[in-house]
Amino acid sequence: MRRATLWLPPAACMLLIFYFSSQSRPMPFVTEHVWDKLLHFAEYAALGALLFRALRGEGLSRALAFMAAAVAAAAYGATDEWHQSFVLLRDASVHDWLTDLLGGAAGAVFCGTLRTPGALR
């Protein structure tokens, strides 16, 4: 059960990213008013933070969990960009992928700096 509490949140985040990437015009009101790079950064920051949390919960050191979370988020971002290349009105973008990479790394760093009672050390 403990592993489920570690890995279900990042899996749910990945499913949500996949769901929105599968749509030609996801959340049109939001995407018309918010810069798409900010959306990419935010969703991958969340993924990076959740991956970092799961990896720390598995016992990885802070540094290794950060690197693994950043690499995993970047890899997922690459597959997401490839997936979008098959969706009507969407395309694959290196700039979006770089934003995903930066967001994932930032989320992992942010999560790694939290020092709250009961937080992972």
Side-chain angles (χ1 to χ4, degrees):
M1 186 60 156
R2 181 178 183 282
R3 281 198 142 155
T5 62
L6 292 174
W7 292 103
L8 282 177
C13 185
M14 293 166 90
L15 285 172
L16 194 61
I17 290 169
F18 184 86
Y19 170 75
F20 285 121
S21 293
S22 298
Q23 298 179 13
S24 295
R25 293 191 65 222
M27 301 185 306
F29 179 78
V30 173
T31 56
E32 289 172 10
H33 295 88
V34 179
W35 186 38
D36 89 309
K37 299 300 181 272
L38 181 60
L39 296 172
H40 275 266
F41 188 88
E43 65 190 2
Y44 279 87
L47 179 59
L50 292 170
L51 288 168
F52 178 88
R53 178 186 166 272
L55 292 164
R56 284 290 286 158
E58 291 287 354
L60 272 67
S61 70
R62 212 175 266 284
L64 191 54
F66 164 73
M67 287 186 286
V71 167
Y76 189 72
T79 65
D80 182 51
E81 289 304 316
W82 179 73
H83 164 242
Q84 285 183 50
S85 72
F86 298 100
V87 177
L88 185 66
L89 302 178
R90 303 294 293 266
D91 62 354
S93 164
V94 171
H95 294 104
D96 285 349
W97 175 74
L98 288 171
T99 306
D100 299 343
L101 183 153
L102 292 172
V109 166
F110 177 76
C111 189
T113 61
L114 295 178
R115 294 257 187 205
T116 57
L120 299 171
R121 294 187 188 349

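All values below were derived from every heavy atom in this structure, side-chain atoms included, with hydrogens, water molecules and symmetry-related copies excluded. Small disclaimer: the values here were computed from a predicted structure and weren't measured.
- Hydrophobic clustering (side-chain heavy atoms under 4.5 Å, transitive across Ile, Leu, Val, Met, Phe, Trp, Tyr) groups L47 together with M67.
- Contact detail for S93 and E81: the closest heavy-atom pair is N-OE1, 3.0 Å.
- F66 and A105 get closest at one heavy-atom pair: CE1-O, 3.5 Å.
- Under the side chain to side chain contact (heavy atoms under 4.5 Å, CB included) criterion, A46 pairs with C13, not counting sequence neighbours.
- Hydrophobic clustering keeps V71 apart from L98 (ILVMFWY residues linked when any side-chain heavy atoms are closer than 4.5 Å, directly or through intermediates).
- Chaining together hydrophobic side chains whose heavy atoms lie under 4.5 Å apart places L89 alongside L88.
- Considering only residues two or more places apart in sequence or on other chains, A69 meets the side chain to side chain contact (heavy atoms under 4.5 Å, CB included) condition with L51, F52, L55, A108.
- Closest heavy-atom contact between Y76 and M14: OH-O, 2.7 Å.
- With sequence neighbours excluded, the residues that form a side chain to side chain donor-acceptor pair (under 3.5 Å) with D80 are S21, Y44, Q84.
- Between the CE atom in M1 and the CG atom in L8 there is a gap of 8.5 Å [rounded to 0.5 Å].
- In terms of modelled atom types and a separation under 3.5 Å, the side chain of R53 and the main chain of C111 share no donor-acceptor contact.
- With contacts defined as side-chain heavy-atom distances shorter than 4.5 Å, the pair Y19/Q23 qualifies.
- Looking only at side-chain heavy atoms (C-beta outward), E58 and R3 come within less than 4.5 Å of each other.
- Smallest separation of non-hydrogen atoms from P9 and L50: O-CD1, 3.6 Å.
- Annotation for F86: hydrophobic cluster partners, listed by chain and number, are W82 (ILVMFWY side-chain heavy atoms under 4.5 Å, direct or chained).
- Pairs of residues two or more places apart, or lying in two chains, that qualify as salt bridge (Lys or Arg N to Asp or Glu O under 4.0 Å) and include a residue from residues 93-105 are K37-D96.
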